[in-house]
Amino acid sequence: MMKKWLSGAAALVIAGGILAGCSDSAEKAGGDSGKKDGMETKFATIATGGASGPYNIIATSLAEMYSKEYGVNSKTQTTGASVENINLMKQEKVEMAFVMSDVLSEAVNGEGNFDSKVDNVQQIASLYPNFVQVVTSEKSGINTFEDLKGKRIAVGAQNSGVEVNARNLLNGHGISYDDIKVDYLGYAEAADALKAGKLDAAFLTSGIPNASLMELGQGFDLKIVPIEKEKIEKIAKDQPYFTSQVIPANTYGNKEDVPTAAIMNALVVRSDLSENDVYLLTKTFFENLDGLENAHQAAKDISIEKAEEGLIAPLHPGAKKYYEEQK
């Protein structure tokens, strides 16, 4: 009987050792200190915009970082940009998104493109300015923003952030969609249509330089239409997310700085993600800014010092925790 008991006990010890070994192996496979098991969510899908735009380029690098660091399924989703991105978050189809502050303002207030307030979106950070780039050709005869009246204009993909600020800026200059011929085209499509002579002008609102415009500038007499500072300041009284900026000389072969409007971009996250998950998402984002800058130079304007400036949506507790630690 004693031998039987000892045999059973020995079996339990051996089995326990095997299980412990399996556990150790699993931990090692998952990374040191539970690093890759540090997030509760299994997905970190990032809604972006057009394939050639800074949103998509920066987010692709960011998704690779999240996948490598935490073992989550992180990828980008190419979209029509800001409005679609907010709706995808509202429907809980993505976890994060890059959006423009004007669209985010509409979403949290239930205005414009949103029939009701979107209450499951919180902000991680203010990012970098998106420059409104109104592009035409030298031979178009379009020299001022007011000259757009009566012309065929691409205003961005329908319901994109580009389209929202194009409409707002046109309205601010006393021009409605009834006064122009509207085409809803994204960056690459608008550039192609300009080159083919199917458009008089196009709005491309993004970080600079925009890849589609860089490509268009090869063999096309590209011209940036100025938006005057005084007019922007007047529009900003009702829409404070607009600021006056300049597109620096030589960005697209332009000999001088070109005055234009800009809107801050925002990185947003679903509010139901845990504090710890968003803390890790925020931490990885800011600790890898060099890599994001290598992906696209627009990221050079992102800094932790300015991350909490001009917030539109409530700051997620996870992001708040990270910022407080840095202070």
| Which residues share a salt bridge (Lys or Arg N to Asp or Glu O under 4.0 Å) with Lys151, sequence neighbours left out |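 Counting only residues at least two positions away or on another chain, Lys151 forms no salt bridge (Lys or Arg N to Asp or Glu O under 4.0 Å).
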| task | Kindly write out the residues that satisfy salt bridge (Lys or Arg N to Asp or Glu O under 4.0 Å) with Glu84, not counting sequence neighbours, or none if the list is empty. | result | none
Residue pair [X] / [Y], side-chain heavy-atom distance below 4.5 Å:
| X | Y | value |
| --- | --- | --- |
| Ser82 | Tyr55 | yes |
| Asn130 | Met264 | no |
| Met96 | Ile124 | yes |
| Asn171 | Ile175 | no |
| Leu213 | Leu204 | yes |
| Tyr252 | Gln133 | yes |

The criterion is side-chain hydrogen bond (donor to acceptor under 3.5 Å, both in side chains); which residues satisfy it with [X], sequence neighbours excluded?
| X | result |
| --- | --- |
| Thr136 | Ser140 |
| Thr79 | Asn85 |
| Glu106 | Asn113 |
| Asp192 | none |

| task | Any salt bridge (Lys or Arg N to Asp or Glu O under 4.0 Å) involving residues 200-227? Give me the pairs, sequence neighbours left out, ordered by first then second residue. | result |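 Applying salt bridge (Lys or Arg N to Asp or Glu O under 4.0 Å) to every pair that reaches into residues 200-227, excluding sequence neighbours, yields nothing.
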| task | Not counting sequence neighbours, list each pair that qualifies as a salt bridge (Lys or Arg N to Asp or Glu O under 4.0 Å) and has a residue in residues 292-308. | result |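 Matches after skipping sequence neighbours: Glu308-Lys327.
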| field | Co-members of Phe114 in a cluster of I, L, V, M, F, W and Y side chains, linked at under 4.5 Å | value | Val83, Ile86, Leu88, Met89, Val94, Val99, Val103, Leu104, Val108, Val118, Val121, Val164, Val268, Ile312
| field | Test side chain to side chain contact (heavy atoms under 4.5 Å, CB included) applied to Val135 and Ile142, Ile224, Leu199, Asn210, the passing residue | value | Ile224
| task | Report whether Leu281 and Leu315 are members of the same hydrophobic cluster (ILVMFWY, side-chain heavy atoms less than 4.5 Å apart, transitive linking). | result | yes
Search all heavy atoms of [X] against all heavy atoms of [Y] and return the closest pair with its distance.
| X | Y | value |
| --- | --- | --- |
| Ile263 | Ser101 | CG2-N, 3.8 Å |
| Thr41 | Val72 | O-CG1, 3.4 Å |
| Thr48 | Thr78 | OG1-CA, 3.7 Å |
| Val278 | Ala319 | CG1-N, 3.8 Å |
| Ile247 | Val132 | CD1-O, 4.2 Å |

Counting heavy atoms not belonging to [X], are there more than 12 under 6.0 Å from its [atom1]?
| X | atom1 | answer |
| --- | --- | --- |
| Met214 | CE | no |
| Asn250 | CG | yes |
| Glu233 | CD | yes |

| request: Flag the pair Asp119 and Lys117 as a salt bridge only when some basic side-chain nitrogen lies within less than 4.0 angstrom of an acidic carboxylate oxygen. | output: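 Here Asp119 does not pair with Lys117 in a salt bridge, since their nearest N and O are not under 4.0 Å apart.
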| task | For the pair Arg167 and Glu163, find out whether any cationic side-chain nitrogen is under 4.0 Å from an anionic carboxylate oxygen. | result | yes
| Can you check side chain to side chain contact (heavy atoms under 4.5 Å, CB included) on Ile304 and Gln326, steps first, answer last? | CA-CA 9 Å; Ile304 193 167; Gln326 303 313 301; 3.5 Å; yes
| said: Could you tell me if Lys283 sits above the aromatic ring of Tyr322, with its cationic atom closer than 6.0 Å to the ring centre and no more than 45 degrees from the axis? | reply: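 No, Lys283 and Tyr322 do not form such a contact.
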| task | Apply the test side chain to side chain donor-acceptor pair (under 3.5 Å) to residues Ser212 and Ser52: give CA-CA distance (whole Å), side-chain angles for both, the deciding distance (0.1 Å), then the verdict. | result | CA-CA 7 Å; Ser212 293; Ser52 64; 3.0 Å; yes
| request: Write out all pairs satisfying ring-ring contact (aromatic ring centres under 6.0 Å, His included) with one or both partners inside residues 161-198, taking only residues at least two apart or from two chains. | output: Phe145-His173
| Residue pairs involving residues 283-307 (criterion ring-ring contact (aromatic ring centres under 6.0 Å, His included); sequence neighbours excluded) |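 Every ring-ring contact (aromatic ring centres under 6.0 Å, His included) pair that includes a residue of residues 283-307, provided the two are not neighbours, is Phe286-Tyr323.
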| side-chain contact (heavy atoms from CB on, under 4.5 Å) partners of Pro317, counting only residues at least two apart |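 Checked Pro317 against side-chain contact (heavy atoms from CB on, under 4.5 Å); matches are Gln122, Glu275.
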